[in-house]
Amino acid sequence: MPELPEVETIVADLRPHLVGRTIARCELSFRTIVRHPEPEEFVDAVVGMRIESVARRGKYILIRLVPGPGPGSRPGPSGPAPPPALPAPPHEWGGKGRFPMNGEEEDVLLVVHLGMTGQLRLVDEVTPLEKHTHAVFFLDDGRQLRYRDPRRFGRLLVGTQEALLASKKMPRLGPEPIDMEFQAEQLYRELKRRRAPLKAVLLDQKAIAGVGNIYADESLHRARLRPGRLANTVSKKSARRLHESLRESLLVAIANRGSSVDTYRDAWGEAGGQQEKLLVYGRAGEPCFTCGRPLSSTRIAGRTTVFCRRCQR
DNA sequence: TTAAATTCCTGTAAGC
DNA sequence: TGCTTACAGGAATTTA
């Protein structure tokens, strides 16, 4: 499933191709994938808009839209090349818990959450339409940005930041774990005030944004911590180890273009490479790479959880 | 207020 | 072989 590293990969791939493009048309074939506003308003809101930036916040893809050139001046299929990609602002959001970006108040955000099986792909018009494609954005260069999602856990939203916040459809997200501003002390404070299992806190998007089942298990293993241990019992030293492990798990996964353990594919339909390198996720019963003991499996916070009884105390 | 349980959804794989 | 059933999980919602 797409977690922070997978979404980061997609966003980085799409950015240079999408920035500067105008959405000429939008077709929805599955209405309820749109969570805000009503589907008709959604289409009205995106058509004719120019893509100003493409960013990520947690597991959310944020596409900033500004009014595009009028219909008369819309370039044809072989229109001008996009401007050189702006160095994306690494983090376009405010402080902890605030969603999501700077920029002008009237700017519109097209928000995409991939859920479990969502895919956002950039294709040319002759690429056959795949089953479960729920939305197609027709771009002014003839290409199409397609949203596909067999299990339909994903969602699309559009609106000004103000409107999205007011709609309550966007959650308050915790800090970005790979942000340099995110310090071990901050993680320690969050853990101290929670009586839930460590794993449950890592999965809580309000505590830390972008971590899902794969990287929660991976980082707990790297930190040698039991997933079921209550968060408020960890020492400062352990919290520092978890902080470091979290960053490492996520950054290595980004370097390897994400984990394709289920149906995850990047913007070009290609699988990532991290699934080959996972330490524990999906390896229940197989030997621990550190001690050789078979990895254990249990259920925490409603999620399958794999860990090593010997290495993770 | 927080934590846990339930729900949504369909493709896949195990079991009979 | 073909059918049924269990399972996968992000996050909103409901319950405790």
Side-chain angles (χ1 to χ4, degrees), chain A residues 1-8 10 28-37 56-62 97 99-100 111-120 130-135 147-157 164-174 176-177 189-220 227-234 250 253 258-265 271 275 278 280-285 295 297-307:
Chain A
M1 20 284 131
E3 302 180 22
L4 186 155
E6 290 74 29
V7 177
E8 180 68 29
I10 291 175
L28 295 175
S29 44
F30 185 76
R31 294 164 49 86
T32 57
I33 210 76
V34 173
R35 301 302 171 89
H36 184 85
R56 178 191 61 75
R57 175 78 172 96
K59 301 173 193 171
Y60 288 83
I61 297 168
L62 307 175
F99 172 81
V111 180
V112 181
H113 192 295
L114 300 171
M116 277 184 71
T117 56
Q119 299 173 348
L120 199 57
E130 286 183 283
K131 196 177 174 186
H132 306 300
T133 299
H134 305 312
Y147 180 77
R148 173 173 185 266
D149 187 3
R151 249 167 274 184
R152 307 203 297 230
F153 273 28
R155 63 205 71 216
L156 305 178
L157 306 93
L164 288 171
L165 282 170
S167 77
K168 311 261 183 192
K169 301 280 172 63
M170 293 299 305
R172 292 186 173 281
L173 296 172
E176 287 289 324
R189 282 200 306 270
E190 178 67 20
L191 296 178
K192 272 295 155 193
R193 60 175 213 90
R194 301 287 294 262
R195 218 174 329 104
L198 274 176
K199 165 127 179 197
V201 177
L202 292 184
L203 291 175
D204 182 353
Q205 301 302 297
K206 293 188 288 300
I208 303 159
V211 179
N213 207 27
I214 299 172
Y215 301 106
D217 277 8
E218 292 294 300
S219 53
L220 285 166
R229 179 159 162 198
L230 294 187
N232 60 2
T233 69
V234 301
L250 296 168
S259 302
S260 292
V261 291
D262 195 355
T263 57
Y264 166 72
R265 291 294 181 274
Q275 65 281 4
L278 297 177
V280 289
Y281 181 89
R283 298 190 62 244
L295 295 172
S297 178
T298 183
R299 226 172 152 75
I300 295 173
R303 300 286 176 270
T304 300
T305 301
V306 183
F307 67 102

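Residue numbering restarts at 1 for every chain, and letters A, B, ... go by the order of the sequence lines.
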Nearest to the side chain of Arg195(A), which nucleotide is it out of dG10(C), dA3(B), dC9(B)?
->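 Side chain of Arg195(A) sits closest to dA3(B).
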Round to a whole Å and report the spacing from [atom1] of [X] to [atom2] of [N].
X: Ile214(A); N: dG10(C); atom1: CD1; atom2: C1'; answer: 12 Å
X: His132(A); N: dT10(B); atom1: NE2; atom2: P; answer: 8 Å
X: Asp149(A); N: dT10(B); atom1: CG; atom2: C1'; answer: 10 Å
X: Ile33(A); N: dC8(B); atom1: CD1; atom2: C1'; answer: 11 Å
X: Lys206(A); N: dG10(C); atom1: NZ; atom2: P; answer: 14 Å

Taking only residues two or more places apart in sequence, or in another chain, which ones meet Arg229(A) in a side-chain contact (heavy atoms from CB on, under 4.5 Å)?
->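 In terms of side-chain contact (heavy atoms from CB on, under 4.5 Å), with neighbours along the sequence ignored, Arg229(A) is linked to Leu198(A), Leu225(A), Arg226(A), Thr233(A), Val234(A).
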What's touching nucleotides 4-8 of chain C from the protein side, N or O pairs under 3.5 Å?
{"from": "dA8(C)", "atom 1": "OP1", "to": "Thr304(A)", "atom 2": "OG1", "distance (Å)": "3.1"}
{"from": "dA8(C)", "atom 1": "OP2", "to": "Arg299(A)", "atom 2": "NH1", "distance (Å)": "3.0"}
{"from": "dA8(C)", "atom 1": "N3", "to": "Arg151(A)", "atom 2": "NH1", "distance (Å)": "2.9"}

Look at all strands and tell whether Pro2(A) reaches a base, only sugar-phosphate, or nothing, counting heavy atoms closer than 4.0 Å.
->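 Nothing: the residue Pro2(A), judged by heavy atoms under 4.0 Å, touches no strand.
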How large an angle, rounded to 10°, do the end axes of the helix from dT2(B)-dA16(C) to dC16(B)-dG2(C) enclose when each is built from five base pairs?
->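 It comes to 50° between the two terminal axes.
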Identify the residue among Gln119(A), Met116(A), His132(A), His134(A) that makes a side-chain contact (heavy atoms from CB on, under 4.5 Å) with Asp149(A).
->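 By the side-chain contact (heavy atoms from CB on, under 4.5 Å) criterion, Asp149(A) pairs with just one of Gln119(A), Met116(A), His132(A), His134(A): His134(A).
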Of Leu114(A), Ile10(A), Thr117(A), the residue whose pairing with Tyr264(A) passes side-chain contact (heavy atoms from CB on, under 4.5 Å) =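 Of the listed options, the one satisfying the test is Ile10(A).
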Contacts of type ring-ring contact (aromatic ring centres under 6.0 Å, His included), residue His36(A), not counting sequence neighbours =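 Residues passing ring-ring contact (aromatic ring centres under 6.0 Å, His included) with His36(A): none at all.
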Who are the ring-ring contact (aromatic ring centres under 6.0 Å, His included) partners of His113(A), not counting sequence neighbours?
->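 Scan of His113(A) (ring-ring contact (aromatic ring centres under 6.0 Å, His included), adjacent residues dropped) gives Tyr60(A).
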Output a table of nitrogen or oxygen pairs between the protein and nucleotides 11-15 of chain C separated by less than 3.5 Å.
{"from": "dA11(C)", "atom 1": "OP1", "to": "His113(A)", "atom 2": "NE2", "distance (Å)": "2.4"}
{"from": "dA11(C)", "atom 1": "OP2", "to": "Lys59(A)", "atom 2": "NZ", "distance (Å)": "3.1"}
{"from": "dA11(C)", "atom 1": "OP2", "to": "Gln205(A)", "atom 2": "NE2", "distance (Å)": "3.4"}
{"from": "dA11(C)", "atom 1": "N7", "to": "Arg303(A)", "atom 2": "NH2", "distance (Å)": "3.4"}

Stepwise salt bridge (charged side-chain N to carboxylate O under 4.0 Å, His left out) check, Lys59(A) with Glu3(A) = CA-CA 6 Å; Lys59(A) 301 173 193 171; Glu3(A) 302 180 22; 5.7 Å; no
Could you pick out which residue, Val201(A) or Phe153(A), lies toward the 5' side of DNA chain B when each is mapped onto its nearest nucleotide?
->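 First, find each residue's nearest nucleotide; the 5'-ward one identifies Val201(A).
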Run the side chain to side chain contact (heavy atoms under 4.5 Å, CB included) check on Phe307(A) and Leu220(A) step by step: do they pass?
-> CA-CA 8 Å; Phe307(A) 67 102; Leu220(A) 285 166; over 6 Å; no
Test item: Val111(A) and Lys169(A) side chains (from C-beta on) under 4.5 Å apart, heavy atoms =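 No, their side chains stay 4.5 Å or more apart.
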Taking OP1 and OP2 of dA3(B), is either one under 4.0 Å from a side-chain nitrogen or oxygen of Arg194(A)?
->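 Yes, such a contact exists.
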Verify side chain to side chain contact (heavy atoms under 4.5 Å, CB included) between Arg299(A) and Thr304(A), making sure each step is shown before the conclusion.
-> CA-CA 5 Å; Arg299(A) 226 172 152 75; Thr304(A) 300; 3.4 Å; yes
Give a yes or no answer on whether the side chain of Asp217(A) reaches the backbone of Val280(A) with a donor-acceptor pair at less than 3.5 Å.
->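 Absent.
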Quick check: does any side chain N or O of Gln205(A) sit under 3.5 Å from a backbone N or O of Val211(A), one acting as donor and the other as acceptor?
->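 Yes, the answer is positive, given that a donor and an acceptor are paired below the 3.5 Å cut-off.
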